J.: 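This structure is in structure tokens; I'll ask about it shortly.
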Amino acid sequence: AVMFKKIKCSRVLIRWLGLVLTLLAMIGSGYAQEKTRKTPALTSKVYEKLAIAQEAVDKEEYQQALSVLNQLAAQSGKRKLNSYELANVHNLRAFALFSQDKLKESLTSYRQVISQPDIPLALEVNTRFTIAQLLMMEEQWQVAVKELNQWFVLSEAPGAKAYALRAQDYDQLTKYK
């Protein structure tokens, strides 16, 4: 049973890593020269709970996933999460909320990801791009432009799709002034 659990956790991790790698490829390359940030470690206990929440999201059992994630985020004292663990909790929570079409709540959780200190630059870059896209979906053009411009500052090699997105955002901004 323990071996089966480890295999399931490995599969979840591979899916999660695949999602992150896909996002990195979509945004553009340039992370090889990334400035290094000292990031705290993800403990095995937190990883296991994140894997449980990820599995619930995969099964579209969002309330179960959010319950696990909210319990993790609420830990205090010696069990309090470090900034990287908390960023991962908020990131998965944001995805679960987005999957339920709760865009405003999802946006709040994504903002909590980037508010954490000492997160990897790639996580911040991906999250800022996602925030800009959500703001555009919410037709918050001015804020979306600001967020996308912050993303451009952090991204070392924005791709053509990113420039097209920004142009689209500016176009919408001029239409709705």
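When a residue number appears, it is its place in the shown sequence, counting from 1. What you are looking at is a predicted structure, and each value in this text was computed from that prediction instead of being measured. Heavy-atom basis, side chains included; hydrogens, waters and symmetry copies ignored.
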J.: Is a side-chain donor-acceptor pair under 3.5 Å present for Thr43 with Glu85?
T.: yes

J.: Could you give me the CA-CA distance, side-chain angles and deciding distance for Ile119 and Thr39, then say whether side chain to side chain contact (heavy atoms under 4.5 Å, CB included) is met?
T.: CA-CA 6 Å; Ile119 61 171; Thr39 302; 5.8 Å; no

J.: Run the side chain to side chain contact (heavy atoms under 4.5 Å, CB included) test on Arg166 and Val145 for me, step by step, so that the C-alpha distance in whole Å, both residues' side-chain angles and the decisive distance to 0.1 Å come before the verdict.
T.: CA-CA 7 Å; Arg166 185 162 67 173; Val145 165; 5.8 Å; no

J.: Could you report the tightest heavy-atom contact between Leu134 and Ser106, atom names first, then the distance?
T.: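 Where Leu134 meets Ser106 most closely, the heavy atoms are CD1-OG, 3.9 Å.
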
J.: Backbone N or O of Trp151 within a donor-acceptor pair of the Ser155 side chain at under 3.5 Å?
T.: no

J.: Run the salt bridge (Lys or Arg N to Asp or Glu O under 4.0 Å) test against Glu147 and tell me which residues pass, sequence neighbours left out.
T.: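 Expected list: Arg111, Arg128.
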
J.: Could you tell me the separation between the CG atom of Leu86 and the OG atom of Ser115, rounded to the nearest 0.5 Å?
T.: 7.5 Å

J.: Quick one: pull up CD in Gln54 and CG in Asn88 and give me the separation to the nearest 0.5 Å.
T.: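 So the CD of Gln54 and the CG of Asn88 are separated by 10.5 Å.
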
J.: Answer yes or no: is there a donor N or O on one side and an acceptor on the other, between the side chain of Thr130 and the main chain of Asn126, under 3.5 Å?
T.: yes

J.: If you look at every heavy atom in Met136 and Ala144, which pair is closest and at what distance?
T.: CG-CB, 3.7 Å

J.: Would you say Ser83's side chain and Pro117's backbone share a donor-acceptor pair under 3.5 angstrom?
T.: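 Yes; at least one donor-acceptor contact below 3.5 Å.
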
J.: So, applying side chain to side chain donor-acceptor pair (under 3.5 Å) with Ser109, which one of His90, Lys102, Arg93 is it?
T.: Arg93

J.: Provide the closest heavy-atom pair for Asn91 versus Val113 in the form atom of the first, atom of the second, distance.
T.: N-CG2, 3.3 Å

J.: Side chains of Trp141 and Tyr170: does their closest heavy-atom pair fall under 4.5 Å?
T.: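 In short, these two side chains do not touch, never coming nearer than 4.5 Å.
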
J.: Please report the closest heavy-atom contact between Gln64 and Glu61, naming both atoms and the distance.
T.: OE1-OE1, 2.9 Å

J.: Is the side chain of Asp118 donor-acceptor paired with the backbone N or O of Pro40 at a distance under 3.5 Å, no angle test?
T.: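 A pair under 3.5 Å: no.
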
J.: Are Leu66 and Leu97 packed together at the side-chain level, in the sense that at least one heavy-atom pair is separated by less than 4.5 angstrom?
T.: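 SC-SC contact between Leu66 and Leu97 confirmed.
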
J.: So do Glu138 and Lys104 actually touch side chain to side chain, heavy atoms under 4.5 Å?
T.: yes

J.: How far apart are the closest heavy atoms of Phe129 and Ala162, and which atoms are they?
T.: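 In terms of heavy atoms, the two residues are closest at CE1-CB, 4.2 Å.
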
J.: Kindly compute the distance separating CG (Asp101) from CE (Met137), expressed to the nearest 0.5 Å.
T.: 7.5 Å

J.: Could you tell me if the side chain of Leu50 sits less than 4.5 Å from the side chain of Tyr47, heavy atoms only?
T.: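 No. Closest side-chain heavy atoms not under 4.5 Å.
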
J.: Using only atom types and a distance under 3.5 Å, with no angle test, would you say the side chain of Gln100 pairs donor to acceptor with the backbone of Ala96?
T.: yes

J.: For the aromatic rings, using the six-membered ring if either is Trp, is the centroid distance between Phe152 and Tyr163 under 6.0 Å?
T.: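 Between Tyr163 and Phe152, which both carry aromatic rings, the centre distance is below 6.0 Å.
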
J.: Is there side-chain contact between Lys49 and Val89, with heavy atoms separated by less than 4.5 Å?
T.: no

J.: When rounded to the nearest 0.5 angstrom, what is the spacing between CG in Leu69 and CG in Leu92?
T.: 5.0 Å

J.: Counting neighbours of OH on Tyr62 that are heavy atoms of other residues, nucleotides or ligands and sit closer than 6.0 Å, is the number greater than 12?
T.: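 Yes, the 6.0 Å shell around OH holds more than 12 heavy atoms from other groups.
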
J.: OG1 of Thr127 to OH of Tyr110: how many Å apart, nearest 0.5 Å?
T.: 7.5 Å

J.: As an exercise, state the distance from CG of Leu107 to CD of Gln112, rounded to the nearest 0.5 Å.
T.: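 It comes to 10.5 Å.
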
J.: Please tell me if the side chains of Leu165 and Gln133 come closer than 4.5 Å, counting only heavy atoms from C-beta onward.
T.: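 Leu165 vs Gln133: side chains touch.
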
